[in-house]
Amino acid sequence: MNRTGYFRSMLAVMRKELRDFARDRRTFLLTLLTAPLLYPLLFLGMNKLTNLRTETQLDKDMTMPVAGIARAPNLVAFLASRGISASEAPADIEDRIRAQREDVALVIDPDFAADWHAGRPAKVEIVADTTRRTSDVQVARVRGALAEYGQSVGALRLLARGVNPMVAAPVNVGTRDLATAEAKRGIFLSFILPLVLMLFAFIGGSHLAMDTTAGERERQSLEPLLATPIARGALVSGKMLAAVVLGLASMLLILLSFKLSASIGTGAARALDVSFAAMGKLLVILLPLVLIGTALLTCLAASAKSMKEAQSHMVWLMLLPMLPGYALMAYPLKDTQLWQYAVPFLSQNQMLVKVTRGEMPTASQWGVYLAASVLLAVLLWAVAVWRYRQERLAISG
């Protein structure tokens, strides 16, 4: 078969598979629209929860149980000036914190006043369950307020003795934040956005990829197709191309829903770069993953005897895009080493994070990423073609 005939056969198979899949309108619409419709809910929901946490935990006044309020009235007054009101702590305060009825408490040592007047460090204890993330903000606020109180009192004591308080601070430590405005805005989605986009890009055309092989094999409609004079490579390419088209259509809708969600969101969401140029970069990054996912699903479906067997692979397949995110949370890596852009899923994660931070990957990073991704997709395509050339593929059951 010449090259023209090869591509004509491939396109004919693609049109046939898309037409057959579109006949089941409910499945077609669910496959195409589920992710674009769910993404705004996820995005806007997380944005709302983030803003709500800021309003209710960071900026809002809080009330904290304090054991021994009378022992340190000045300290209690200082905390109140920082939005932390004190209430008398009950005797079972530790049990209440373990039961999550309270987030944090303060215990003022019985010898606080004596140590204070003697010029010794006066002891206070923050009581909290550090394994509960719900108390992180409150504990940090209390700890920061106590540190500020200690520094101010220490400075006053030095002044009372005729000593410049700056003597006690021989090193003035400052922070110069080199993060760009785009990077600060992008951190809002540096974890969730790569995960969501990678997941839907990887399995966006999964139903069609499995149905065109395992489904047809189960329905015994694959054998007549294999009996045609179409080259097996054109047949596999046409089926994969149909799934790629469906996956890309779904990705385009997801990116448009992302743009819409960021446009109508509040807070950090409105500051994100949702220009068509940024969306184009994301699409270029995700295209190789669509190819890899489709090729891998076609290989697995060609080895399955039924649609149910093919669908059983979805459990571990959905975990693959999540692994880099979890690994980087436990052991962060600098994104400057080229080898990272040759590792499947890790490379997509690093590229997506760069774009959401407002950074442009270097030419070498683009080159390694695209070359490694296309090579993997071609290898998986070759395996699928090899599997289609085996005559037992047409046997169902």
Side-chain angles (χ1 to χ4, degrees), residues 1-24 27-33 35 197-198 200-217 219 221-222 224-255 280 283-304 307 310 313-314 317 344 348 370-390 393-394:
M1 181 182 292
N2 57 34
R3 184 175 301 177
T4 303
Y6 184 94
F7 284 106
R8 186 181 295 115
S9 300
M10 181 181 68
L11 294 177
V13 172
M14 180 198 72
R15 289 193 296 268
K16 176 257 182 189
E17 298 297 351
L18 288 175
R19 185 168 53 250
D20 291 345
F21 188 69
R23 286 173 181 165
D24 188 349
T27 303
F28 178 76
L29 292 177
L30 284 174
T31 301
L32 197 61
L33 300 178
L197 293 181
M198 287 170 57
F200 286 120
F202 185 60
I203 65 172
S206 59
H207 189 86
L208 181 56
M210 292 185 294
D211 184 69
T212 55
T213 300
E216 288 190 0
R217 186 180 186 186
R219 295 189 297 269
S221 60
L222 184 61
L225 189 60
L226 294 175
T228 62
I230 299 177
R232 296 297 168 88
L235 182 61
V236 174
S237 300
K239 289 177 176 291
M240 288 177 54
L241 188 58
V244 168
V245 169
L246 186 65
L248 283 179
S250 179
M251 284 308 307
L252 283 172
L253 292 175
I254 290 174
L255 291 175
L283 186 61
V284 172
I285 293 172
L286 293 170
L287 175 59
L289 189 58
V290 176
L291 298 174
I292 293 172
T294 301
L296 179 58
L297 285 164
T298 302
C299 292
L300 295 174
S303 302
M307 189 68 172
H313 292 289
M314 292 304 297
L317 285 174
Q348 282 84 14
L370 293 175
S373 300
V374 172
L375 178 60
L376 178 58
V378 170
L379 289 176
L380 292 172
W381 170 84
V383 173
V385 173
W386 169 78
R387 186 69 181 91
Y388 262 73
R389 286 174 177 165
Q390 296 178 336
L393 178 67

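All values derive from a computational prediction rather than experimental measurement.
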Fill in: With S206 via side-chain contact (heavy atoms from CB on, under 4.5 Å) - residues at least two apart
I203, M210, L297, M314
Donor-acceptor pairs are to be reported for all side-chain atoms of residues 239-252 against protein atoms at under 3.5 Å, with residues two or more places apart or in another chain.
from : atom 1 : to   : atom 2 : distance (Å)
K239 : NZ     : E17  : OE2    : 2.6
K239 : NZ     : T212 : O      : 2.8
K239 : NZ     : E216 : OE1    : 3.0

Practice prompt. Only counting residues at least two apart or in another chain, list the ones meeting ring pair (Phe, Tyr, Trp, His ring centres under 6.0 Å) with F202.
Written response: F345
Worksheet, complete the sentence: Closest non-hydrogen atoms of S237 and Y6, given as atom of the first, atom of the second and distance, are OG-OH, 3.6 Å
Worksheet item: Under the salt bridge (charged side-chain N to carboxylate O under 4.0 Å, His left out) test, which residues partner R23, sequence neighbours left out?
Response: D20
Item to complete: Using side-chain contact (heavy atoms from CB on, under 4.5 Å) as the criterion, list what pairs up with L33, not counting sequence neighbours.
Response: L29, L37, L253
Discussion item. Evaluate L300 against L317 for side chain to side chain contact (heavy atoms under 4.5 Å, CB included), listing each step before the verdict.
Written reply: CA-CA 11 Å; L300 295 174; L317 285 174; 3.8 Å; yes
Discussion item. Can you confirm whether M307 sits close enough to D211 that some side-chain heavy atom of one is under 4.5 Å from a side-chain heavy atom of the other?
Written reply: yes
Discussion item. Please check this pair: side chain of R389 against backbone of R232, looking for a donor-acceptor N/O pair closer than 3.5 Å.
Written reply: no
Worksheet item: Taking atom types as modelled and ignoring hydrogens, do the side chains of T213 and Y388 form a donor-acceptor contact shorter than 3.5 angstrom?
Response: yes
Worksheet entry | Residue list, side-chain contact (heavy atoms from CB on, under 4.5 Å) with V383, at least two apart or on another chain | C299
Worksheet, complete the sentence: T294 and V290 have their tightest heavy-atom pair at OG1-O, 2.8 Å
Practice prompt. Starting at CG of L287, measure out to CG of L283 and round the result to the nearest 0.5 Å.
Written response: 6.5 Å
Worksheet item: Are side-chain heavy atoms of S373 and L289 found at a separation under 4.5 Å?
Response: no
Worksheet entry | L18 side chain near L208 side chain, heavy-atom distance below 4.5 Å | yes
